[in-house]
Asker: 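Below you'll find the structure I mean.
If you're wondering where the values come from, they're calculated on a predicted model, not measured in any experiment. So that the names make sense, note that chain A is the first sequence line, chain B the second, and so on, each numbered from 1.
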Number of protein chains: 2
Amino acid sequence: MVVTTTGQGGGRRPPGLPTIKDVAEHVGVSFKTVSRVVNGDGKVSAQTAQRVRQAVEELGYVRNESARQLRRGRTGTVALLVRAVSDPFFAAICDAAAERARDHDLAVFVTSTHDRAERERELATAMAGRRPDGLVITPIAESQDYLQGVLDSGIPVVAIDRPARGIQVDAVLADNAGGVRDAVEHLLRHGHSRIGYLGDAPEIFTARERVAGFRSTAEVHGLGLREEEIDLARPDDERIATLLRRWRAAPDPVTALVTGNNAITMAALRELVDEPHPPALVGFDDFELADLVRPAVSVVAQDPAAVGRTAIDLLVERLRQPERPVRTIRVQTRLIPRGSGELTVGQR
Amino acid sequence: MVVTTTGQGGGRRPPGLPTIKDVAEHVGVSFKTVSRVVNGDGKVSAQTAQRVRQAVEELGYVRNESARQLRRGRTGTVALLVRAVSDPFFAAICDAAAERARDHDLAVFVTSTHDRAERERELATAMAGRRPDGLVITPIAESQDYLQGVLDSGIPVVAIDRPARGIQVDAVLADNAGGVRDAVEHLLRHGHSRIGYLGDAPEIFTARERVAGFRSTAEVHGLGLREEEIDLARPDDERIATLLRRWRAAPDPVTALVTGNNAITMAALRELVDEPHPPALVGFDDFELADLVRPAVSVVAQDPAAVGRTAIDLLVERLRQPERPVRTIRVQTRLIPRGSGELTVGQR
DNA sequence: CTGAAAGCGCTAACAT
DNA sequence: ATGTTAGCGCTTTCAG
């Protein structure tokens, strides 16, 4: 459906927005005076200031940030590279980071890498061209050493979700092992001792930390793990469905599952949702509607907002103190029991 | 947990990234030659070009976009204002828009307005300061006339999700009324004639279009609507739960519901999920896991990716032809039956 | 094929 | 309190 009307903007050739000079001319002062008013640099009589402000309003003057940035050397921006803004975890990080950045008069520019290493580099470089005051990245590539020059030039970098490699930078990570430990101990408390683990591929940093948490917790509690009940691979509904059927058909089947990330939790749920007696389940990462599925899904929730805020905090601190030691901050996870993790062995 | 190591970046004072001049000096050519190589402006001997490229690599030169933009007048960017990137609908729009923009060598800068009118204006103005080649906005404020100057200056504006007011601009909207019509007719086909409607507050454009679709469809099919079974208000779990209990306790209760947006669908589901015989339900907007709830939720799905892509297309077309008539494009919705909408009256 | 000069719009430093 | 001058890093003429 197409509604036809007149063209936009009255049809003039792009005259461009007015400049500081246009405003000055309009008022009859030097363009520097306008600059002073616009920037609140004091040293302007209240009267002139008033007239300038009026002219600014009338002409619709908006300061050209490119020019300003070029002259000042800083842009007041932070570049944020995430896996995908359409991933709720990263979306929450973006919103929280933008919010916190506002408090420091910084604007956040977000880009999605879609987990492609070459795009990470491409986008980080493109962002560097815009001379952000800082760079927050979700490392994917083998190494981030290509950022050394950027770092040396005085633009701090903060890694989130996974540590950077090949460069020494601050990082904000989740307490992956601790989260899984909580999940396992929760299941143990509810009488489970045969627990299966479905994790993402071991190339992925968080996947390694999480399964390590699983193994060590199992060891601490003297659980006899069977390697065939630990699965590490890219999420794939089909594969996971098959695997679960096999596990559950075994003579001494697992009574509980821990899933290592959201996509895997979803895949497992799709397979189990219509089972009359599903195994207990605790998923890593909370998700909307976890409380609407039956049984409601217990999860280890991350705190994406804290990750986003902390990343900005680290960046700002480093801008203030470039020499301070590099830090890695772990954001705690939180176990949210909703029922699926409480299914006891007897209930099966 | 804090790991302490050495500072970042070798501890030098910010020397800034190398400039075109540094590269030129390093190679022993004029800085203009470097500019030519960097921009692929031909007219450079293959040998010089090679040496320049090597120096660029060695020094880690990245073009300063602020300087470039200042001189060229265009930035190669599009500013995108959405309600919130953490809203899955808008997140999908963002990703699709960024993808499509890449094809035109445009970078998209996203900001969230969080549905606050004053922030819409504030952010749109801040974005204008960065001189984007185009502006895509999700209108919230009463009027967008404050953008007239931006428009006149040659920066096109496209409205998404809701039309802009006070300015004549292109728009990409969903077929709201059509989507609800499909929902209602789907329910009619399954034997429902007593249908309740839960919509968002009537101040909201999409809410008005959707309830209008409900009313007109009901009329076409000769359904006798009862006004007390049409509810329009900001989503509120408590209110909706109470309302539903009342509706269902009535002597001749509704057998089916249409919910006008995602938040309302969620609220209704929370109330109905544990009912043995819930009413049929069709929600406006698809959501992840709609297939995991039992019964799986039938929805009218929007196509956010199409909205994002179309917005960029309109922008690019207008950049090419500033005088073309203003257009409003409606993106079709799609009914996805999953079970909740098929519950027949007899099944209750 | 390459270079020199000018200037985009702004702010910092220095006058007045 | 206001104005002048210079220059940020780059691209666009215009010459060589």
Asker: Establish, with yes or no, whether the OP1 or OP2 oxygen of dC8(C) is under 4.0 angstrom from a side-chain nitrogen or oxygen of S66(A).
Answerer: no
Asker: Under a 4.0 Å N-O cut-off, is there an ion pair linking R327(A) with E317(A)?
Answerer: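 Answer for the salt bridge query: yes.
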Asker: In a check of side chain to side chain contact (heavy atoms under 4.5 Å, CB included) between L80(B) and each of I312(B), V85(B), L315(B), I160(B), which one passes?
Answerer: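 For L80(B), the side chain to side chain contact (heavy atoms under 4.5 Å, CB included) test succeeds with only one of I312(B), V85(B), L315(B), I160(B), which is I160(B).
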Asker: Between A101(B) and V108(B), which heavy-atom pair has the shortest distance, and what is it?
Answerer: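 For A101(B) and V108(B), the tightest heavy-atom pair comes out as CB-CG2, 3.5 Å.
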Asker: I want to check one thing: is the phosphate of dT2(C), taken as OP1 and OP2, less than 4.0 Å away from some side-chain N or O of S45(B)?
Answerer: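 For dT2(C), OP1/OP2 do have a side-chain N/O of S45(B) under 4.0 Å.
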Asker: Only one of V82(A), L81(A), V169(A) forms a side chain to side chain contact (heavy atoms under 4.5 Å, CB included) with I137(A), so which one is it?
Answerer: L81(A)
Asker: Would you mind checking if R131(A) and E65(B) are paired as a salt bridge, meaning a charged N to carboxylate O distance below 4.0 Å?
Answerer: no
Asker: What are the two closest heavy atoms between P18(A) and Y61(A), and how far apart are they?
Answerer: O-CD1, 3.3 Å
Asker: Ignoring hydrogens and geometry beyond distance, is a side-chain donor-acceptor pair present between R130(A) and N64(B) at under 3.5 Å?
Answerer: no
Asker: Provide a list of protein-nucleic acid N or O atom pairs under 3.5 angstrom, restricted to nucleotides 10-14 of chain D.
Answerer:
unit_1: dC10(D); atom_1: OP1; unit_2: Y61(B); atom_2: OH; d: 2.6
unit_1: dC10(D); atom_1: OP1; unit_2: N64(B); atom_2: N; d: 3.3
unit_1: dC10(D); atom_1: OP2; unit_2: I20(B); atom_2: N; d: 2.6
unit_1: dT11(D); atom_1: OP1; unit_2: N39(B); atom_2: OD1; d: 3.2
unit_1: dT11(D); atom_1: OP1; unit_2: N39(B); atom_2: ND2; d: 3.1
unit_1: dT11(D); atom_1: OP1; unit_2: R68(B); atom_2: NE; d: 2.9
unit_1: dT11(D); atom_1: OP2; unit_2: S35(B); atom_2: OG; d: 2.8
unit_1: dT11(D); atom_1: OP2; unit_2: N39(B); atom_2: ND2; d: 3.2
unit_1: dT11(D); atom_1: O2; unit_2: R71(B); atom_2: NH1; d: 2.9

Asker: Using heavy-atom distances to pick each residue's nearest nucleotide on DNA chain C, tell me which of S30(B) and L70(B) is more 5'.
Answerer: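 Its nearest nucleotide lies further toward 5', so the answer is S30(B).
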Asker: At how many degrees, to 10°, do the end axes of the helix from dC1(C)-dG16(D) to dT16(C)-dA1(D) meet when each uses five pairs?
Answerer: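 Result, rounded to 10 degrees: 40°.
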Asker: Is any side-chain N of the basic residue among E120(B) and R83(B) closer than 4.0 Å to the acidic one's carboxylate O?
Answerer: no
